[in-house]
Amino acid sequence: MKALQPVRGTRDLIGDDARRHFRVVDTARRVTALYGASEWATPIFESTAVFARTLGETSDVVTKEMYTFEDRSGESITLRPEATAGICRAVISNGLTQTLPQKIFFQGPMFRYERPQKGRYRQFHQIDFEIIGAAEPLADAEAIACGWQILRELGIADGTVLNINTLGDKASRDAYRTALVDYLSRYEADLSADSRTRLARNPLRILDSKDSGDIALLAAAPVIYDHLNAESAAFYDGVKSALAQFGIPFVENPRIVRGFDYYNHTAFEFVTTELGAQGTVLGGGRYDGLMEQMGGPSIPGIGWGAGIERLAMLLADVPEAASMIAVIPMGEAQYPAALGILNRLRNAGIAAEMAYRGNVKRRMERANRIHARAAIIIGEDELARDAVAVKFLDDGTQREVAIGDLAALLR
RNA sequence: GCGGACGUAGCUCAGUCGGUAGAGCGCCAGGUUGUGGUCCUGGAUGUCGUGGGUUCGAUCCCCAUCGUUCGCCCCA
């Protein structure tokens, strides 16, 4: 029995789960197209270096969460833990650096070896939007606007809050890191154990610590905004004013740091309070140095990823669509007529099916179960007049219809 | 990776102070030989997550393991 269960942290998408999942994907595909995106798909695994080099040697994803293995030729392969690195690799591999900017919609499974929880899986799925080759703050605002519109169209925007921050350019970020380390080092003994480790490895990460002692210490800590150089400050102002012009509400949150090392300037998260510790539902930022870090030319980028499972859990009910027509012959004598009608309907673009067996009652039950909108009942008497009975299942009304009129009536 | 809770029918759950189990929903059949969704009647369901231990006897107690879940870490 154990072998027949899905592997820990993975799950099947069937029925309601599947409807929710594809509702998210379909909505994202449609909305990102409104912003000019083309859909891409890249391989599910890459050379390990693609992720190890870009996500940062100290990030948890790299140090302990990657699904990494050697293939038969001894090459180190990693199942992608996120989308951006693979997309950037594809830009370089395909020589797309001459046709920028590119706006990309992306969707598919990601893999991280973590302890599963609600809204966190080892194989999870993301929708992803990237704008590559645009250094203007308008691109940041547009990426955020796109994410916001998706959340709105999914009906979950009201429960989420957009948090934005800036990490500045490299010079600003380095200056801030120094100031922060200076400050926190004075209270090192009071920091939580986790944060003492972070102080050496990745001090900015202390900013989003959930330890109450850390939070108290951070109240008087230096703030990034005081360490931005003129260029970085102007960029940040540009993003904020474009967001205002798009009519997108946001709060500034100097604690938003984001996990991967490749981020600079804009960082943002849409957060909900309804998913416990997994509250970040859509997050991203700018990654101007990433392409160069991968060995490509210096090309700026901005993008976000969103967890489909987390979005799907927040959706209101997604009912099954009542779109089928059930074709019901009274008996085997009516099969030829029934198959002819099935064919006529399908060729006219109308979804229709006929059960493989069963009497009329059984077939009516099935029609109800598949949420058919109407049943075409084919009996000897009506057939003699080149007609059939059409019963609409929502209100139970029934009438006789000429076979030639079926497609027009049911379209 | 660390700490807590949980694991009984397809689903949601009850239960046994240790004597091999029950409800609702769903499913199947009939009431209705050419008509579903409502209603009535009847029926089938489970190695009580898995392995081991204690016991005359374990679904119940103990240990391990797998899975789920909550928090931490981290992140979508």
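Just so we're on the same page: letters track the sequence lines, and every chain starts at 1.
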_Nearest to side-chain heavy atoms of A/N368, which nucleotide of B/C70, B/G36, B/A76_ = B/G36
*To the nearest angstrom, how far is A/D208 atom CG from B/C75 atom P?*
7 Å
*Mind checking the P distance from B/G10 to B/C28? Whole angstroms is fine.*
15 Å
*When you get a sec, tell me which of B/U35, B/A76, B/C70 is the closest nucleotide to the side chain of A/R115?*
B/C70
*asked:* If you take any heavy atom closer than 4.0 Å to RNA chain B, which residues from residues 19-33 of chain A end up in contact?
replied: none
*Check salt bridge (Lys or Arg N to Asp or Glu O under 4.0 Å) between A/R385 and all other residues, then give those that pass, not counting sequence neighbours.*
A/E400
*Residues from residues 121-128 of chain A sitting under 4.0 Å of RNA chain B, heavy atoms only?*
A/Y121, A/F124, A/Q126
*Are any of A/K361's side-chain N or O atoms less than 4.0 Å away from OP1 or OP2 of B/G34?*
no
*So which nucleotide does B/G7 pair with, by the Watson-Crick or G-U wobble rule with both distances under 3.5 Å?*
B/C66
*Does B/G71 have OP1 or OP2 sitting under 4.0 Å from an N or O in the side chain of A/K210?*
no
*Using a cut-off of strictly less than 4.0 Å between a heavy atom of the residue and any atom of RNA chain B, enumerate the qualifying residues of residues 379-411 of chain A by number.*
A/D381, A/E382, A/K391, A/L393, A/D394, A/G396, A/Q398
*What interatomic distance, in whole Å, is found between P of B/C27 and the corresponding atom of B/C60?*
33 Å
*Which of these passes side-chain hydrogen bond (donor to acceptor under 3.5 Å, both in side chains) with A/R286: A/T166, A/D169, A/D140?*
A/D140
*Base, sugar-phosphate alone, or nothing: which one does A/G284 contact when heavy atoms must sit under 4.0 Å apart?*
nothing
Just the atom pairs and distances: protein N or O near nucleotides 26-29 of chain B's N or O, under 3.5 Å.
| from | atom 1 | to | atom 2 | distance (Å) |
| --- | --- | --- | --- | --- |
| B/A29 | OP1 | A/R362 | NH1 | 3.1 |
| B/A29 | OP1 | A/R362 | NH2 | 2.6 |

*Both distances under 3.5 Å, Watson-Crick or G-U wobble: report the partner of B/U45, or none.*
none
*Taking the side chain of A/Y113 as its heavy atoms from C-beta onward, which of B/C74, B/G1, B/U68 lies nearest to it?*
B/G1
*Tell me whether the centres of the aromatic rings in A/F250 and A/F268 are closer together than 6.0 Å.*
no
*What pairs with A/D16 under salt bridge (Lys or Arg N to Asp or Glu O under 4.0 Å), at least two apart in sequence or on another chain?*
A/R19, A/R20
*Which part of the nucleic acid, if any, lies within contact of A/R11, taking any heavy atom under 4.0 Å across all strands shown: a base, the sugar-phosphate backbone alone, or nothing?*
nothing
